[in-house]
Amino acid sequence: MGENCLSRNIEAAEKRESAELLAVIPAFNEQGNILRVIHEIQEELPLADILVINDCSEDRTGLVARTIPGVKVIDLPCNLGIGGAMQTGFKYAMRAGYLYAVQIDGDGQHLPQEVPKLLQAIQEKRCDMVIGSRFLEVESFRTTWCRRLGIRFFDLLFRALVNLRITDSTSGFRLYNRKSLEVLSRYYSSDYPEPDAIVLLKKNGLKVCEVGVAMREREHGCSSITPIKSPYYMAKVVLTILFSCARPRR
Amino acid sequence: MFPGSFDKIQWLGITFSLIILLSVFFLVRERLLKEKYSLIWLLIGLFVLIVSLFRDLLDGFSHLIGVYYAPSAFFSLLIAGAYLLLLNMSVSISHLKAQNKALTQEVGLLRLKVEELQQEDKQSE
């Protein structure tokens, strides 16, 4: 559904003159952080357009974001989770003809001043998606041993499945070009899509690379993945990845 | 094959299957159940009806698959059928979820488009 419209909109893309980069901010109950995130992006990336995806927040995230002129806000009528919310951003970026889209989480964890590093990498290394990694060539980032273990596990899995070294496969701080946006606006898994997207892009013959970045430790709120949920998370993600590998290329 | 020769359990089975068949018929007639999903229920109803009417069929079948206690064979068949039906339901739910996601995203995108158009409208006035 909608694929034809998408390809038609690519033509519209070539005619566009304004911003080339879209910053997509997925946000669920982030009224305490969203303003700062938007201001930081406007300061560090004055040429980028900003799109907030308000994933049916229970607080005033959408209203707060709208107070800043020039910021586009999509209010989703139902909560879709991070995957569905980001995919909305991918679809928007495709249709509006942006050359690049970058995900910057609404909790303020991702630093907009690091985006130029991603842009440089995508252009110099000719990648289709660049992942901002906390663990690559950057001073150590404190995280739980549990998450470390999980990331290590994914590292082994990716090396075995798609012959790719990824140090931070769960990082959502990513820059996409149109090729990867096209693939992911067609399919992006719902729950914890980051590791799966790597496999998906590789299967579609696209290039994924990483660049080391700094990230901020969270100030408000807490991670969505609790110790109780994490085995379930791992099982679901691994299953999703294995199925992505088993599926014929489309 | 005359009514007097039926056991109590057969009457029960016949009644039950008729209830299923009639319910499905009326549900489809009132468009509360899609024809597509009615098929499997009609088949289940017919299966129960036939097995209740002809007891020997079940005995024959249980001998065939090496089950000594005929009702067990009947239950196994019904459970297997129920599993398939549940799998079918899960597929339907997954399909609905995917459609729902696409629609939700589309509504969000369209809302933004409407807002932008309204703003343009205001500016041009």
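Quick note on labels: first sequence line is chain A, next is B, and so on, each numbered from 1.
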Discussion item. What residues of residues 111-125 of chain B make heavy-atom contacts with chain A at a cutoff under 4.5 angstrom?
Written reply: B/R111, B/L112, B/E115, B/E116
Worksheet entry | 4.5 Å side-chain heavy-atom contact, A/I82 and A/E194 | yes
Discussion item. Name the residue from A/I34, A/I38, A/V73 that meets the side-chain contact (heavy atoms from CB on, under 4.5 Å) definition with A/I68.
Written reply: A/I38
Discussion item. Applying side chain to side chain donor-acceptor pair (under 3.5 Å) to A/D107 and A/N33, what does each step give before you reach the verdict?
Written reply: CA-CA 6 Å; A/D107 60 4; A/N33 294 313; over 6 Å; no
Worksheet item: Partners of A/K236 by side-chain hydrogen bond (donor to acceptor under 3.5 Å, both in side chains), sequence neighbours excluded?
Response: A/D191
Discussion item. Need one label for A/Y188: side chain, backbone, both or neither, based on atoms under 4.5 Å from any heavy atom in chain B.
Written reply: backbone
Item to complete: Name all residues meeting the side chain to side chain contact (heavy atoms under 4.5 Å, CB included) criterion together with B/L87; count only those two or more places apart in sequence or in a different chain, and write none if there are none.
Response: none
Item to complete: Could you pull out all residues at least two apart from A/Q103 that satisfy side-chain hydrogen bond (donor to acceptor under 3.5 Å, both in side chains)?
Response: A/D105
Fill in: Selection from A/G81, A/C56, A/G83, A/G84 maximising heavy-atom pairs under 4.5 Å formed with chain B
A/G84
Discussion item. A/M129 and side-chain contact (heavy atoms from CB on, under 4.5 Å): which single residue from A/L200, A/L181, A/I198, A/I122 fits?
Written reply: A/I198
Discussion item. Less than 4.5 Å to any heavy atom of chain B: does that hold for the side chain of A/I53, its backbone, both, or neither?
Written reply: neither
